[in-house]
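To keep things clear, I will list the structure first and then write my remarks on it.
In this text, all values refer to a predicted model and were calculated from it rather than measured experimentally. First listed ligand is number 1; within each ligand, the first listed atom is number 1.
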Amino acid sequence: MYESTRGNLADQRAAQAITLGMVPSGGLFVPSIIPTLNWQNLQGLTYHDVAKRVMTPYLPDFSEAAIAKIVNVYADGTFDGPDPAPLVLVGNFGVLELWHGPTAAFKDMALQVLPDLLKVSLKLFNRTEEVLILVATSGDTGKAALEGFKNREGMHIVVFYPEGGVSPVQERQMTTTEGENTHVVAVKGNFDECQTAVKRIFASDTLKEQLQAKHLIFSSANSINWGRLLPQIVYYFWAYLQAVEQGKVTPGGKINVVIPTGNFGNLQAAYYAKRMGLPIDRIISASNKNNVLVDFFETGVYQSQRDFFQTISPSMDILISSNFERFLYEMSGRDARKIQTWYDSKNQGTFTVDPVTLKQCQDTVYAGWADEEETLETIARAYQAYQYVFDPHTAVAMKVYEDYLSATNDQTFTVIASTASPFKFASNVLRGLEGEKLKSMRDEWEALDYLSQLTGWKIPLGLQGLEDKVTTTATACEPGEITGLLQKLFIG
Ligand SMILES: *Cc1c(COP(=O)(O)O)cnc(C)c1O
């Protein structure tokens, strides 16, 4: 069963949590009981069988056949190789490459699964409405969600991205999506403003009623939706199994994981894996210059009212980290009253947790950050040392891992979650690799080719030929105009 982080809803089935996306009166769905799973029983299984075993205890209302079908996407060629999430040994640490899906970012790991999770959830509820998926994106979620939901019967998707706040490749990926049921909107504002506007729409009863009259219900493909987090728990088990198989960790020995963090979904998934019994020791959170979480772990004060920086790791340019609410729920000993107090809108995104909760947070997660210069420098250094090309998000994680190592000298085998292919951010990766030497590029497409020439790495299939594809223009709008736009599109 699932309950709300704010204590305003309990005993909900998985299908309900996934259909609704978030608790209608505020709060996020969390599993009431975190199941345990012995990793040893997963040894020798394929990724999709591991996925089945990890996800099943969280989906008691789903049939075995339905779950098998949902995770089949990991075995049917959607991901570019036999292993959807290979653990690559780089130096003496592992890089878990989570970007072998159709859009070359780790969001595919969950967003290729979510549409089917949602479809089954609706059926379990005998809901006959069509679903309207609203997505706020800092770049990668948008395209991954569009790919997952395009041409899905009974589903419509509208993606909102901050105008000028995503990379040229990300923008082109979104505006070249085919599909009758997809809409892309460029919002004049930053990601937090996009996300806040979308959350407000979820809470708007007027719009909900108007949509209901058209036989439509809202859901979310952002990581506030439990259906997004669940498939992400799987790859931490997979990483561990591979580390054992590759002889990097003795069976039962612990590993550390380092995670480039934005909305805290990926990290929260690692936390659930650990709670399920996976031998994870330190969970290391890496932020860019938008280091609101690093400050929190130091002081216990979450202060989202601060300057927002647009960086070369745009998917981490987030100050209001949605899933942190789920984390604090666990860290506070599931004290829904505290969560409600901290997240009360009158605090305007600023709150201070009690010392006991803070201690729990600090014991669970180590947090660090890297600025842009350090990130570029890390891309260059890692390439020289290991001939491995990090994208700017994963490079932030690499730098934070190095800092962690110098601070602790912890020799535990460590897995860095690699969240994007370097080709998604080719010009900035090249800036890192070549520095001053870099010749000027005609456009981003030349940068992709040049990065491939320079490193011998292949451009992922999903990023090939983007420059020649037909684009649709994104609709532009102010955050305040989103409701009106949705009314025009879906209510008429
Ligand atoms: C979404 C994203 C992140 C942040 O992940 P969260 O789960 O939101 O913390 C990091 N890197 C890349 C490339 C992403 O697309």
Side-chain angles (χ1 to χ4, degrees), residues 28 95-111 114 135-147 159 161-162 165-167 169-170 173-174 191-192 194-195 220-233 235-236 257-273 283-288 290-294 311-327 365 367 369-370 375 379 390-400 416-426 428-429 460 462-463:
L28 300 180
V95 176
L96 184 67
E97 293 183 348
L98 299 171
W99 39 263
H100 289 280
T103 79
F106 93 103
K107 303 292 196 294
D108 290 325
M109 298 302 296
L111 279 163
L114 183 65
V135 181
T137 184
S138 54
D140 289 336
T141 302
K143 178 57 176 179
L146 288 164
E147 277 305 304
V159 170
Y161 71 90
V166 300
S167 81
V169 170
Q170 289 175 320
Q173 279 187 302
M174 288 190 274
F191 172 70
D192 283 316
C194 267
Q195 177 157 263
S220 167
N222 282 104
S223 56
I224 52 175
N225 192 328
W226 174 251
R228 269 285 300 280
L229 286 201
L230 179 54
Q232 295 184 213
I233 303 173
Y235 51 70
Y236 290 104
V257 294
V258 191
I259 298 161
T261 294
N263 252 335
F264 218 74
N266 204 2
L267 196 143
Q268 189 62 12
Y271 171 77
Y272 284 124
I283 302 178
I284 298 165
S285 169
S287 299
N288 65 23
N290 294 292
N291 55 4
V292 57
L293 287 166
V294 181
T311 73
I312 54 170
S313 43
S315 300
M316 296 153 74
D317 291 348
I318 293 174
L319 296 175
I320 304 168
S321 187
S322 295
N323 281 287
F324 203 58
E325 179 169 342
R326 286 190 165 107
F327 182 69
V365 166
W369 69 286
T375 306
I379 291 173
F390 282 111
D391 92 281
H393 302 77
T394 313
V396 168
M398 178 68 206
K399 175 68 171 90
V400 170
I416 298 180
S418 175
T419 49
S421 153
F423 288 98
K424 256 198 121 157
F425 305 93
N428 284 324
V429 171
L463 301 180

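The single protein non-hydrogen atom nearest to atom 8 (O) of ligand 1 is Asn263 N, 2.7 Å, given as residue, atom name and distance. Counting only heavy atoms of the protein, atom 10 (C) of ligand 1 lies nearest to Pro260 O, 3.6 Å. Of the protein's non-hydrogen atoms, the one nearest atom 12 (C) of ligand 1 is Thr419 OG1, 3.3 Å. Protein heavy atom in closest approach to atom 4 (C) of ligand 1: Gly262 N, 3.5 Å.
Residue-ligand proximity, Asn266 to ligand 1, at heavy-atom distances under 4.0 Å covers atoms 7 (O). Interface of Ser315 with ligand 1, defined as ligand atoms under 4.0 Å from a residue heavy atom, comprises 2 (C), 3 (C), 4 (C), 12 (C), 14 (C), 15 (O). Each of the atoms 12 (C), 13 (C), 14 (C), 15 (O) of ligand 1 lies under 4.0 Å from some heavy atom of Asp140. Using a 4.0 Å cut-off to heavy atoms of Ala420, the atoms of ligand 1 that qualify are 13 (C). Within ligand 1, counting atoms from 1 as listed, the ones closer than 4.0 Å to a heavy atom of Gly265 are 6 (P), 7 (O), 9 (O).
When only interatomic distances are considered, the shortest N/O to N/O separation between Thr261 and ligand 1 does not fall below 3.5 Å. Among the atoms of Asp391, none of the N or O lies under 3.5 angstrom from an N or O of ligand 1. For ligand 1, the polar-atom distance check against Ala105 finds no nitrogen or oxygen pair separated by under 3.5 Å. Taking any N or O of Lys107, backbone or side chain, at least one lies under 3.5 Å from an N or O belonging to ligand 1.
Among all heavy-atom pairs drawn from Tyr161 and Cys194, the shortest one is C-SG, 3.7 Å.
A donor-acceptor pair shorter than 3.5 Å cannot be found between the side chains of Asn222 and Gln195. Gln173 and Thr103 share no side-chain donor-acceptor pair at under 3.5 Å. In this model, no donor atom of one side chain and acceptor atom of the other lie less than 3.5 Å apart for Trp99 and Thr419.
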Check the pair Val396, Trp369 against side-chain contact (heavy atoms from CB on, under 4.5 Å), reporting the backbone distance first and the verdict last. CA-CA 7 Å; Val396 168; Trp369 69 286; over 6 Å; no
Quick one: do Ser321 and Val292 satisfy side-chain contact (heavy atoms from CB on, under 4.5 Å)? Show the steps, please. CA-CA 9 Å; Ser321 187; Val292 57; 5.6 Å; no
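The shell of residues lying under 4.0 angstrom from ligand 1, judged by heavy atoms, excludes Leu267.
A distance of 8.5 Å separates CZ in Phe106 from OG in Ser315, rounded to the nearest 0.5 Å.
Results of the side chain to side chain contact (heavy atoms under 4.5 Å, CB included) test with Phe191 over Leu319, Asn263, Asp317 single out Asn263 as the only residue that passes. When the options Trp226, Tyr236, Phe327 are evaluated for a ring pair (Phe, Tyr, Trp, His ring centres under 6.0 Å) with Tyr272, the one that passes is Trp226.
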